[in-house]
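What follows is a set of notes on a single structure, which appears directly below.
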Amino acid sequence: MEKIRVIVASSNAHKIEEMSEMLPLFELVPMKNYYSGDIEENGKTFKDNALIKAKFIAEKFNIPAIADDSGLCVDALGGAPGIYSQRYSGGSDGDNRKLLLKNMENKRERTARFKCAVCLYFPDGKALFGEGACEGEILLSEEGQNGFGYDSLFYSYDLKKSFGNSSAEEKNSVSHRKRAISDLKRQL
């Protein structure tokens, strides 16, 4: 069976790798092979931003595109960093983790979740969405070197350890992205 070629509207190599493992029926092509610019994510929700990115690429290159938007939502911070997770501090992943720990100082309530919305957009205007979340809490300090972003600060209730101490296979079995893509796959 021939794979369906789909552009991944992301420049995040970690996300593309995770999505490729979860969508073996698709030939996922990095956006950088087609487009090197930025796509302004000005939506108010993860779903809005996933649609903005996938629609832009699909319409520009007349090929199906998939995009996700995801982030960490911390209850004690009113859902922050949320859709601003990647640019929370204005710096690197390490800077984002440092700011999160600073903002969580003296917070007793540490529950949090990773959320993800994924959009598969076709050039004819058809859009399919999937959404997922995984529950956990913010640790007092970083644990583990695996993953990326906030993984070393997120204790997964499903895995009973931080994503930073989890293998890629373990994380992908319970992650927000896995759950969003599973939700999307049910519609295909």
Side-chain angles (χ1 to χ4, degrees), residues 1-73 79-93 95-96 113-134 146-151 154 163 168-169 171-188:
M1 182 174 168
E2 190 172 327
K3 292 184 175 189
I4 300 168
R5 188 176 182 88
V6 177
I7 300 174
V8 181
S10 175
S11 58
N12 185 320
H14 296 291
K15 282 185 182 186
I16 294 169
E17 183 178 335
E18 284 182 4
M19 292 173 85
S20 293
E21 291 170 10
M22 294 175 198
L23 291 166
L25 297 179
F26 293 117
E27 177 192 348
L28 297 183
V29 181
M31 179 177 75
K32 69 179 182 182
N33 292 8
Y34 288 83
Y35 183 74
S36 61
D38 288 326
I39 302 169
E40 185 179 1
E41 298 177 44
N42 55 9
K44 293 185 178 6
T45 66
F46 295 116
K47 189 175 177 180
D48 289 346
N49 285 335
L51 173 62
I52 288 166
K53 293 184 283 187
K55 181 179 180 181
F56 177 85
I57 293 297
E59 289 180 348
K60 186 168 187 67
F61 298 103
N62 198 34
I63 186 172
I66 191 167
D68 90 321
D69 195 43
S70 55
L72 180 65
C73 302
I83 62 170
Y84 304 105
S85 291
Q86 187 175 358
R87 48 196 187 272
Y88 188 46
S89 69
S92 68
D93 283 352
D95 295 331
N96 288 339
R113 68 212 39 79
F114 275 113
K115 288 183 162 185
C116 178
V118 63
C119 176
L120 177 59
Y121 195 92
F122 297 90
D124 67 2
K126 182 177 181 182
L128 299 175
F129 293 93
E131 295 183 85
C134 59
N146 297 333
F148 61 98
Y150 299 94
D151 286 352
F154 184 77
F163 275 174
E169 294 78 21
K171 177 186 170 189
N172 288 346
S173 73
V174 301
S175 78
H176 52 305
R177 191 166 294 109
K178 165 72 172 187
R179 291 174 176 166
I181 287 175
S182 294
D183 185 30
L184 173 71
K185 284 164 72 173
R186 282 190 282 275
Q187 300 169 58
L188 292 174

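Because the structure is a prediction, the values reported are computed rather than measured.
Annotation for Gln86: atom CD does not count as buried by contact number, only 12 or fewer foreign heavy atoms lying within 6.0 Å. Atom NZ of Lys171 has more than 12 neighbouring heavy atoms from other residues, nucleotides or ligands inside a 6.0 Å radius. For Asp124, the CG atom is densely surrounded, since the number of other residues' heavy atoms within 6.0 Å is greater than 12. Summarising the local packing, OH of Tyr84 is surrounded by 12 or fewer heavy atoms from other residues, nucleotides or ligands at distances under 6.0 Å. Crowding of Ile4 atom CD1: a count of heavy atoms from other residues, nucleotides or ligands under 6.0 Å not exceeding 12. Atom CD of Glu21 is surrounded by more than 12 heavy atoms from other residues, nucleotides or ligands within 6.0 Å.
With hydrogens and angles left out, the side-chain atoms of Ser175 and Asn172 include no donor and acceptor closer than 3.5 Å.
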Checking side chain to side chain contact (heavy atoms under 4.5 Å, CB included) for the pair Ile66/Phe26: CA distance, chi angles, key distance, verdict?
CA-CA 10 Å; Ile66 191 167; Phe26 293 117; 5.7 Å; no
Decide yes or no on side chain to side chain contact (heavy atoms under 4.5 Å, CB included) for Leu51 and Phe129, but give the supporting numbers first.
CA-CA 8 Å; Leu51 173 62; Phe129 293 93; 4.0 Å; yes
Are Lys53 and Asp69 close enough, and set up right, to give a side chain to side chain contact (heavy atoms under 4.5 Å, CB included), and what steps lead you there?
CA-CA 9 Å; Lys53 293 184 283 187; Asp69 195 43; 3.7 Å; yes
Under the side chain to side chain contact (heavy atoms under 4.5 Å, CB included) criterion, do Arg179 and Cys134 qualify, and how do the steps go?
CA-CA 8 Å; Arg179 291 174 176 166; Cys134 59; 3.5 Å; yes
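Considering only heavy atoms from C-beta on, Ile83 stays 4.5 Å or farther from Asp48 through its side chain. Within the 4.5 Å cutoff, no side-chain heavy atoms of Val8 are placed close to those of Pro30. Put simply, the side chain of Tyr34 does not reach to within 4.5 Å of the side chain of Ile57, judged on heavy atoms.
If you take CG on Leu28 and CD on Glu18, they are separated by 12.5 Å, rounding to the nearest 0.5 Å. Expressed to the nearest 0.5 Å, how far CE of Met22 lies from OG of Ser173 amounts to 9.0 Å. To the nearest 0.5 angstrom, Phe56 atom CZ is 10.0 Å from Asp38 atom CG. The structure places CG of Asp183 at 10.5 Å from CG of Leu128, a figure rounded to the nearest 0.5 Å. Of the inter-residue distances, the one linking Asp68 atom CG with Lys47 atom NZ reads 14.5 Å to the nearest 0.5 angstrom. Note that NZ of Lys15 and CZ of Phe148 are 7.0 Å apart. Values are rounded to the nearest 0.5 Å.
Residues Gly149 and Asp93 approach most closely at N-OD2, 3.2 Å, considering heavy atoms. Closest heavy-atom contact between Ala67 and Ala50: CB-O, 3.5 Å. Residues Arg177 and Ser70 share a closest heavy-atom pair of NH2-OG, 2.9 Å. Minimum interatomic distance between Ala54 and Cys119 (heavy atoms only, all atoms of both residues): CB-O, 3.7 Å. For the residue pair Gly71 and Phe46, the shortest heavy atom distance occurs at N-CE2, 3.4 Å. Closest of all the heavy-atom pairs between Ile39 and Met31 is CD1-SD, 3.7 Å.
Remark: the backbone N or O of Phe163 is not paired with any side-chain donor or acceptor of Asp151 at under 3.5 angstrom.
Note: Phe114 and Tyr150 have tilted aromatic rings, judged against thresholds of 30 and 60 degrees for the angle between ring planes.
Remark: Lys60 is not positioned above the aromatic ring of Tyr35, lacking an NZ or CZ atom under 6.0 angstrom from the ring centre and at most 45 degrees off the axis.
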